[in-house]
Amino acid sequence: MNPAESKVAICGAGTMGAQIAFHCALKGYTVTLYDINTDQLDRADSLLHELMEKKLSKGKITQDEVDQAFARLKYETSLEETCSNASLIIEAIIEDLQAKKKLFSEISSYAPKEAILATNSSSIVSSKLASEVHDPSRLCNIHFFNPALVLPLVEVVKGDHTSENTVDRAVGFVESIDKTPVRLEKEIFGFITNRILAAIFDEAISLYENGIADFKQIDTAVKAGLNHPLGPFELLDLTGIDVNYGIKVLEAEDSGDPSKGPSQTLTRLYQEGRLGRKSGQGFYVYEKEN
């Protein structure tokens, strides 16, 4: 895809959607960021300005680059206006299958017939949405990693319904925004990186629940012994206890195996509202300014 000729639409102005949208704008694309909630769009705008101020203060970006990117970024509450002239539409809403189905049904009615339709989800494969799309051959997963403005990896996942042309174009788009695409030829729950990460999380929690070591000691072992920048419990807090709880619920449903569901520890933290950094407490306690 050519930034000068292509328009990108991002549906969902949460943290991921906002960062994906702005990264595309930084790389030259004309971008529309859609959300049904104007307050959410305002929060996204504030978040992006805050993140850019930090990059400016560290000399990682120029004021001209920031200004040009914001000039290429449009906020929109009309889904029809968002999708009607887009070359690529990426959904980045909550991990709820019914909500995604409803959104893709509407997107499909507005999008140009040649537009690529993609979900950013890592736990809901595009084949589960294919029935809502007029031409599912143009549908796939394009999965960015959080924070999308920083991490280079993007997983592009081909379903049985997805055409080779769609995957080739999606990979080309990822390369055009200076990200690193990894192509999956088959759908699988969690894809590559998150499956490996989930195995680490599951083993770390098992060690903790069986009294082998305190969670801080396990984090220290992983960082000092495997050279990981964060330990598994620090990473669970960063990504969100609620997010990881939800993924384990979906994994159990997808596999039909209740043992794949959330651990006792994740369930307890989730029920107590200890969601990690976002709530100020998860496995660790966080000060507001940090």
Side-chain angles (χ1 to χ4, degrees), residues 1-4 6-35 37-76 82 86 88 90-93 118 120 122 142-156 172-182 193-194 197 223 227-231 234-240 243 275-280 282 284 286-290:
M1 292 179 67
N2 185 341
S6 304
K7 295 183 178 180
V8 174
I10 308 298
C11 297
T15 301
M16 281 297 292
Q19 292 197 37
I20 294 169
F22 199 76
H23 182 80
C24 293
L26 280 169
K27 298 303 175 179
Y29 282 94
T30 299
V31 184
T32 301
L33 178 59
Y34 163 82
D35 203 284
N37 188 331
T38 54
D39 289 341
Q40 185 60 51
L41 289 172
D42 290 340
R43 285 192 288 271
D45 184 64
S46 296
L47 169 68
L48 292 173
H49 276 90
E50 179 183 333
L51 291 173
M52 289 307 105
E53 285 298 324
K54 290 179 180 178
K55 284 184 176 290
L56 285 165
S57 68
K58 296 177 181 178
K60 293 184 176 181
I61 198 168
T62 67
Q63 187 65 59
D64 185 55
E65 288 174 316
V66 172
D67 292 343
Q68 288 190 37
F70 274 112
R72 287 190 286 264
L73 178 62
K74 175 185 177 184
Y75 301 108
E76 184 58 70
T82 299
L88 168 65
I90 301 176
E91 167 272 315
I93 65 169
N120 181 57
S122 64
I142 299 179
H143 174 230
F144 288 76
F145 284 75
N146 187 24
L149 280 165
V150 178
L151 295 182
L153 178 63
V154 178
E155 294 172 318
V156 178
F173 160 72
V174 174
E175 291 172 338
S176 76
I177 58 172
D178 297 329
K179 294 288 190 182
T180 303
V182 170
T193 307
N194 282 346
L197 197 56
K223 288 187 290 185
N227 203 28
H228 288 200
L230 294 174
E234 291 173 322
L235 192 51
L236 282 164
D237 276 359
L238 178 63
T239 56
V243 172
L275 307 182
R277 286 180 180 265
K278 68 178 74 177
S279 68
Y284 293 87
Y286 302 90
E287 305 231 353
K288 272 190 177 180
E289 60 268 24
N290 293 326

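If you read the sequence from its start, that first residue is 1, and numbering goes on from there.
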Undergrad: Ignoring hydrogens and geometry, is there a side-chain-to-backbone donor-acceptor pair from H23 to Q19 under 3.5 Å?
TA: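 Not confirmed, H23 side chain does not pair with Q19 backbone.
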
Undergrad: If every non-hydrogen atom of L33 is compared with every non-hydrogen atom of A18, which pair is closest and at what distance?
TA: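 Residues L33 and A18, closest heavy atoms: CD2-CA, 4.0 Å.
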
Undergrad: Quick one: does M52's side chain get under 4.5 Å of F70's, heavy atoms only?
TA: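 Heavy-atom side-chain distance check passes, below 4.5 Å.
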
Undergrad: Within a reach of under 6.0 Å around CG of D39, are more than 12 heavy atoms found that belong to other residues, nucleotides or ligands?
TA: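 Above 12, so yes.
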
Undergrad: Could you walk me through whether N146 and L151 pass the side chain to side chain contact (heavy atoms under 4.5 Å, CB included) check?
TA: CA-CA 7 Å; N146 187 24; L151 295 182; 5.7 Å; no

Undergrad: Can you tell me how far apart CD1 (I142) and CD (E155) are? Round to the nearest 0.5 Å.
TA: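 That separation rounds to 12.0 Å.
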
Undergrad: May I ask you to decide if G276's main-chain N or O and S279's side chain share a donor-acceptor pair within less than 3.5 Å?
TA: yes

Undergrad: Is there a side-chain contact between K278 and T15, using heavy atoms and a 4.5 Å cut-off?
TA: no

Undergrad: Just so I know, are the side chains of Q63 and L56 near enough to count as touching, which here means a heavy-atom distance under 4.5 Å?
TA: yes

Undergrad: Drop me the distance from D35's CG to I10's CD1, to the nearest 0.5 angstrom.
TA: 12.5 Å

Undergrad: Should F145 and N194 count as side-chain neighbours, where that means a heavy-atom distance under 4.5 Å?
TA: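 F145 reaches N194 side chain to side chain.
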
Undergrad: Can you see which heavy atom on A25 is nearest to which on L73, and at what distance?
TA: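 Taking every non-hydrogen atom into account, CB-CB, 4.5 Å.
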
Undergrad: Can you tell if the side chain of L51 reaches within under 4.5 Å of the side chain of K55, non-hydrogen atoms only?
TA: no

Undergrad: Between V182 and T193, is there a side-chain heavy-atom distance shorter than 4.5 Å?
TA: no

Undergrad: Can you name the closest pair of heavy atoms from P181 and E175 and give their distance?
TA: CG-CG, 3.7 Å

Undergrad: Ring-plane angle category for Y29 and F173, please: parallel below 30°, perpendicular beyond 60°, tilted otherwise.
TA: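 Answer is perpendicular, since the angle exceeds 60°.
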
Undergrad: Determine the minimum heavy-atom distance between A92 and G17, stating which atoms define it.
TA: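 Looking at all heavy atoms of both residues, the closest pair is CB-CA, 4.0 Å.
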
Undergrad: Between NE2 of H143 and CD1 of I90, what distance do you get to the nearest 0.5 Å?
TA: 11.5 Å

Undergrad: Set out, in order, the CA-CA distance, both residues' side-chain angles and the distance that settles side chain to side chain contact (heavy atoms under 4.5 Å, CB included) for L197 and L235, then state yes or no.
TA: CA-CA 10 Å; L197 197 56; L235 192 51; 3.7 Å; yes

Undergrad: What is the distance from atom CZ of R72 to atom CG of D67, rounded to the nearest 0.5 Å?
TA: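 So the gap between those two atoms works out to 10.5 Å.
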
Undergrad: I need the Y284 OH to D237 CG distance, nearest 0.5 Å.
TA: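 Nearest 0.5 Å value for the OH-CG distance: 8.0 Å.
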
Undergrad: Start with the C-alpha distance between K7 and T32, add both sets of side-chain angles, then the distance that settles side chain to side chain contact (heavy atoms under 4.5 Å, CB included), and finish with yes or no.
TA: CA-CA 8 Å; K7 295 183 178 180; T32 301; over 6 Å; no

Undergrad: Determine the minimum heavy-atom distance between M16 and N120, stating which atoms define it.
TA: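 Taking M16 first and N120 second, the nearest heavy atoms are CE-ND2, 3.6 Å.
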
Undergrad: Could you go through V154 and I177, starting from their C-alpha distance and side-chain angles, then the distance that decides it, and tell me whether this counts as side chain to side chain contact (heavy atoms under 4.5 Å, CB included)?
TA: CA-CA 11 Å; V154 178; I177 58 172; 5.6 Å; no

Undergrad: Using modelled atom types only, decide if a donor and an acceptor are shared between the side chain of Q40 and the backbone of A13 within a distance under 3.5 Å.
TA: yes

Undergrad: Show the nearest heavy-atom pair for residues A148 and K179, with the distance to one decimal.
TA: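 Scanning both residues completely, I find the closest heavy atoms to be O-NZ, 2.6 Å.
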
